[in-house]
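Structure first, then comments.
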Amino acid sequence: LVVKHTLVCNDTIDIIDTMAPVMTNLPPATVQISCNQAVPSHPVTIAADCGAEAWITDTLLMVEEIDCPIVAHGYRTYTAMDACGNSSTFDVYYPIVDTLAPAVTSVPNDVTLNCGDLIPEDLLTLGEDCLESTAMFEDSILLGDCPTEYTIERTHTAMDLCGNGMSYVQSIEVIDT
């Protein structure tokens with residue numbers, strides 16, 4: 001007598017994805033930029049386990065705070081998430097610095113005046129800059145050959161809140177005709 005026995009077993013194998021997606025092509029953790037530049041976005045790439053779909057979001061937070069030469073702070077968080085809810089993050093800090101002189105769009109021309117004419121008080125014209133800037137001037141008088149003839153060397157200065165500045169010298173000649 002031959003007896004054949006067949007044994008059937010059913011096993012259930014659950015594969016659970018607990019691995020967070022891996023981001024590559026990440027920027028450095030700190031990227032210093034000039035105040036006249038935009039905060040860059042980096043082309044971060046992602047790899048997820050088990051062929052699952054994954055996506056990246058990035059969030060940028062800007063905080064203006066003047067502590068020269070830093071005039072603002074940028075914080076960007078890259079978050080990668082897969083379909084199973086696993087996630088990974090990477091933070092980048094952007095100190096935004098101002099080391100640039102104020103933007104000057106025009107300067108007063110040198111001028112020759114007759115004795116008795118009004119001395120102009122034109123200032124430098126300032127353009128948009130990272131920080132608020134002020135324009136001022138200081139005169140130095142050089143005496144001429146006659147008591148009524150002289151030259152004013154006017155030093156124009158533009159300065160921003162971080163102490164970045166530039167100077168320009170204008171010559172105002174006064175003659176007796």
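We're numbering straight along the sequence, starting at 1.
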As an exercise, state the distance from [atom1] of [X] to [atom2] of [Y], rounded to the nearest 0.5 Å.
{"X": "I96", "Y": "C130", "atom1": "CD1", "atom2": "SG", "answer": "9.5 Å"}
{"X": "M159", "Y": "S167", "atom1": "CE", "atom2": "OG", "answer": "7.0 Å"}
{"X": "Y150", "Y": "L142", "atom1": "OH", "atom2": "CG", "answer": "12.0 Å"}
{"X": "S171", "Y": "N109", "atom1": "OG", "atom2": "CG", "answer": "11.5 Å"}
{"X": "L131", "Y": "D160", "atom1": "CG", "atom2": "CG", "answer": "5.0 Å"}
{"X": "R154", "Y": "D122", "atom1": "CZ", "atom2": "CG", "answer": "8.0 Å"}

Does E132, at its CD atom, have more than 12 non-hydrogen atoms belonging to other residues, nucleotides or ligands within less than 6.0 Å? no
Any side-chain heavy atom of M62 within less than 4.5 Å of one from V39? yes
Side-chain heavy atoms of V44 within contact of P27, under 4.5 Å: yes
Joint cluster assignment, [X] & [Y], ILVMFWY side-chain distance < 4.5 Å:
{"X": "Y94", "Y": "I66", "result": "yes"}
{"X": "I119", "Y": "L124", "result": "no"}
{"X": "V169", "Y": "M136", "result": "no"}
{"X": "L126", "Y": "L100", "result": "no"}
{"X": "V111", "Y": "I175", "result": "no"}

Check whether any side-chain N or O of [X] sits under 3.5 Å from a backbone N or O of [Y] as a donor-acceptor pair, and report yes or no.
{"X": "T112", "Y": "E173", "result": "no"}
{"X": "Y168", "Y": "P108", "result": "yes"}
{"X": "Q170", "Y": "D110", "result": "no"}
{"X": "D176", "Y": "E149", "result": "no"}
{"X": "Y78", "Y": "M23", "result": "no"}
{"X": "N114", "Y": "T177", "result": "no"}
{"X": "E138", "Y": "T155", "result": "no"}
{"X": "T105", "Y": "T125", "result": "yes"}

Give the minimum heavy-atom separation between [X] and [Y], together with the two atoms involved.
{"X": "C115", "Y": "V174", "value": "CA-CG1, 3.8 Å"}
{"X": "M81", "Y": "P21", "value": "C-CG, 3.9 Å"}
{"X": "A20", "Y": "N86", "value": "CA-CB, 3.8 Å"}
{"X": "A101", "Y": "G165", "value": "CB-O, 3.5 Å"}
{"X": "A38", "Y": "I33", "value": "O-CD1, 3.9 Å"}

Using the side-chain contact (heavy atoms from CB on, under 4.5 Å) rule, take E121 and F137 through it: C-alpha gap first, then chi angles, then the decisive distance, then the call. CA-CA 9 Å; E121 293 194 8; F137 65 81; 4.2 Å; yes
Side chains of N25 and T45 only: does a donor on one sit below 3.5 Å from an acceptor on the other? no
Under a 3.5 Å threshold, yes or no: a donor from one side chain and an acceptor from the other, between T59 and T77? no
Taking P28 as the fixed residue, which of T30, L26, V31 is the one that meets the side chain to side chain contact (heavy atoms under 4.5 Å, CB included) rule? V31
Hydrophobic side-chain clustering at under 4.5 Å (ILVMFWY, transitive links): who's grouped with L61? Put none if nobody. V63, I70, Y75, Y93, V97
